[in-house]
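Along the sequence shown, residues are numbered consecutively beginning with 1.
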Amino acid sequence: MTTYAENVSKRLDQVRASNSLQQVRELGDLRLILLSDLHKGVRDGADDFRRCEQVYLAALEHYWQQGYELWLIGDVEELWENLPQPVIDAYENVLHREQSFAEARQPDRYIRFVGNHDLNWYDSRQVMRYLGPFLGGKQVIEGLRVTVTDRGQELGELFLVHGHQGTLDSDHLSGLSLLVVRYIWRPIQRLLNIPSSTPSNNFQLKKRHELAMYSYAAGQPGTVLIAGHTHHPVWEGLSFQQAMEKTIRAEGLPSATGKQWIEEEIGGEIVLPGEKPCYFNTGCCSFGDSTITGIEIEGGEIRLVRWGDPNNPTRTALFGADLAQVLRAVAPEE
């Protein structure tokens, strides 16, 4: 019987080989913010993004002013629960802010990926119909392979994908999942005002998926995998909790640092091997406490950042590393 991890690996291989755009980028030129899993709804009780909107817009303004490229790694809209047009109408203001990045040229400053909750964007006709005015002529892609060079010398590859590929509910049976969520779960959410989305609200599924993603990444020498989907930040192949504990041991930070946030927003303990810094996860832009997380790549560094406080949006760099060193650490053994 094919295992869960094998299914994930097979589909990721397919995306990497056949369904990914490719770029070659110089390390010093990378200035990126990677965000995922907004789940924009229709501003009702089932809307995961509503409480994070102001923080997200403040973050976009910061990254626009600082000259970053905006890469949205899937599940930008919540289309399991809603039809596309009501979501577009509800968050036209946010789409217009993203549009500034999409229309920028020399350099281009925008890439958008498809996820399982916005699977409509696999259909180029629907992309044109609903997102066309906001994309500046760009397409929605499934995967991206970025060969990173340093003064012309190849360091390794970043492979970016939403991360739902190969799962039963979010990939193979996504149409059935959509019907269940839209016509059974969403009415319950609206009635009880409970915003949440799988796999973010299913700890065991999240744990299994993170292990599958790490396993795949560890088997791809010279490659760093960056994804979203689980709403769980992963840093250098370690769960958020493991990475925080490692930082506390190394730097002597108070043991309470991040503990409450981990318990309230991450939930449960996920243990990943962390033998290689081969897998990173952006987290999400729909945490219940109005915070958002993302990955910055700038100045030769890769950083996991968190933005919070809708009344005074503030950026905090949680972890940072030299990207060249990260890529060397996953290079093929000679």
Side-chain angles (χ1 to χ4, degrees), residues 31-41 43 46-66 68-78 87 90-91 93-101 109-113 115-118 160 162-163 195-201 206 210 226-235 239-241 243-244 257-258 260-267 280-298 302-320:
R31 197 173 183 86
L32 316 173
I33 175 62
L34 317 178
L35 300 169
S36 76
D37 297 274
L38 284 68
H39 294 274
K40 298 174 194 167
R43 298 186 183 276
D47 189 344
D48 291 312
F49 180 69
R50 182 178 53 171
R51 61 171 59 90
C52 297
E53 178 183 3
Q54 295 308 311
V55 173
Y56 178 77
L57 288 172
L60 289 196
E61 182 61 26
H62 168 83
Y63 291 119
W64 175 258
Q65 296 296 335
Q66 295 298 316
Y68 278 69
E69 298 173 40
L70 173 64
W71 293 7
L72 298 178
I73 310 181
D75 282 3
V76 182
E77 284 80 33
E78 176 49 71
V87 177
Y91 285 107
N93 64 316
V94 177
L95 281 160
H96 278 305
R97 193 65 195 91
E98 296 165 355
Q99 184 180 355
S100 300
F101 291 88
R109 294 180 61 180
Y110 183 82
I111 296 177
R112 182 193 264 247
F113 295 72
N116 54 304
H117 280 257
D118 52 16
L160 295 98
H162 178 63
S196 61
S197 53
T198 303
S200 63
N201 62 340
K206 183 191 305 184
E210 297 292 28
I226 302 177
H229 185 53
T230 61
H231 299 201
H232 167 235
V234 174
W235 177 255
S239 70
F240 185 87
Q241 186 173 22
M244 184 64 70
T257 301
Q260 181 178 357
W261 189 79
I262 292 170
E263 292 175 347
E264 292 180 354
E265 299 300 328
I266 303 300
F280 293 74
N281 192 295
T282 56
C284 77
C285 294
S286 50
F287 283 113
D289 64 348
S290 303
T291 62
I292 69 174
T293 59
I295 289 175
E296 296 175 357
I297 299 177
E298 184 271 334
I302 182 168
R303 297 183 287 267
L304 179 66
V305 298
R306 183 170 69 202
W307 287 78
D309 189 354
N311 296 317
N312 181 30
T314 304
R315 171 191 170 278
T316 302
L318 300 171
F319 310 113

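- A donor-acceptor pair shorter than 3.5 Å cannot be found between the side chains of His232 and Asn281.
- Between the OG atom in Ser286 and the CD atom in Glu53 there is a gap of 13.5 Å [rounded to 0.5 Å].
- Between the side chain of Thr293 and the main chain of Cys284, a donor-acceptor pair closer than 3.5 Å is present.
- In this structure, the separation between NE2 on His162 and CG on Asn116 is 4.5 Å, given to the nearest 0.5 Å.
- Heavy atoms only, all atoms of each residue included: Trp64 and Arg109 are closest at O-NH2, 3.1 Å.
- Not a single salt bridge (charged side-chain N to carboxylate O under 4.0 Å, His left out) links Glu210 to another residue, sequence neighbours left out.
- Under the side-chain contact (heavy atoms from CB on, under 4.5 Å) criterion, Ala59 pairs with Tyr63, Ile292, Trp307, not counting sequence neighbours.
- Considering all non-hydrogen atoms of both residues, Arg50 and Arg43 come closest at NH1-O, 3.6 Å.
- Using a 4.5 Å cut-off on side-chain heavy atoms (C-beta onward), Leu57 and Val94 make contact.
- A distance of 6.5 Å separates CZ of Phe280 from CD1 of Ile295, quoted to the nearest 0.5 Å.
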When you look at Glu98 and Tyr56, which way does the side-chain contact (heavy atoms from CB on, under 4.5 Å) test go after all the steps?
CA-CA 11 Å; Glu98 296 165 355; Tyr56 178 77; 2.7 Å; yes

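- With sequence neighbours left out, the side-chain hydrogen bond (donor to acceptor under 3.5 Å, both in side chains) criterion links Trp71 to Glu69.
- Residues satisfying the side-chain contact (heavy atoms from CB on, under 4.5 Å) test with Ala243, not counting sequence neighbours, are Trp235, Leu238, Phe319.
- Here the straight-line distance linking atom CD1 of Ile302 with atom CD1 of Ile297 works out to 4.5 Å at 0.5 Å rounding.
- Here His231 contributes atom NE2 and His39 contributes atom NE2; the two are 3.0 Å apart, rounded to the nearest 0.5 Å.
- Taking CG of Asp48 as the reference point, atom NZ of Lys40 lies at 13.5 Å (rounded to 0.5 Å).
- Phe287 approaches Thr291 most closely through the heavy-atom pair CB-O, 3.3 Å.
- Only one option out of Asp118, Asp75, Ile73 pairs with Phe113 in a side-chain contact (heavy atoms from CB on, under 4.5 Å); it is Ile73.
- Here the side chains of Ile111 and Leu160 are not in contact, with every heavy-atom distance at 4.5 Å or above.
- Shown here are the side-chain contact (heavy atoms from CB on, under 4.5 Å) partners of Thr314, two or more places apart in sequence or in another chain: Asn312.
- Remark: Arg97 fails to qualify as a cation-pi partner of Tyr91 under the 6.0 Å distance and 45° angle criteria applied to the six-membered ring.
- Contact between Gly41 and Ala90 at its shortest, heavy atoms only, is O-CB, 3.8 Å.
- Under the 4.5 Å side-chain criterion, counting only non-hydrogen atoms from C-beta, Phe240 is in contact with Leu318.
- Using a 4.5 Å cut-off on side-chain heavy atoms (C-beta onward), Leu38 and Glu77 make no contact.
- Asp47 has its side chain out of reach of Glu78: every pair of non-hydrogen atoms, C-beta onward, lies at least 4.5 Å apart.
- Listed here is the closest heavy atom pair of Thr282 and Ser36: OG1-OG, 2.6 Å.
- The salt bridge (charged side-chain N to carboxylate O under 4.0 Å, His left out) check on Glu298 picks up Arg31, Arg303, with sequence neighbours excluded.
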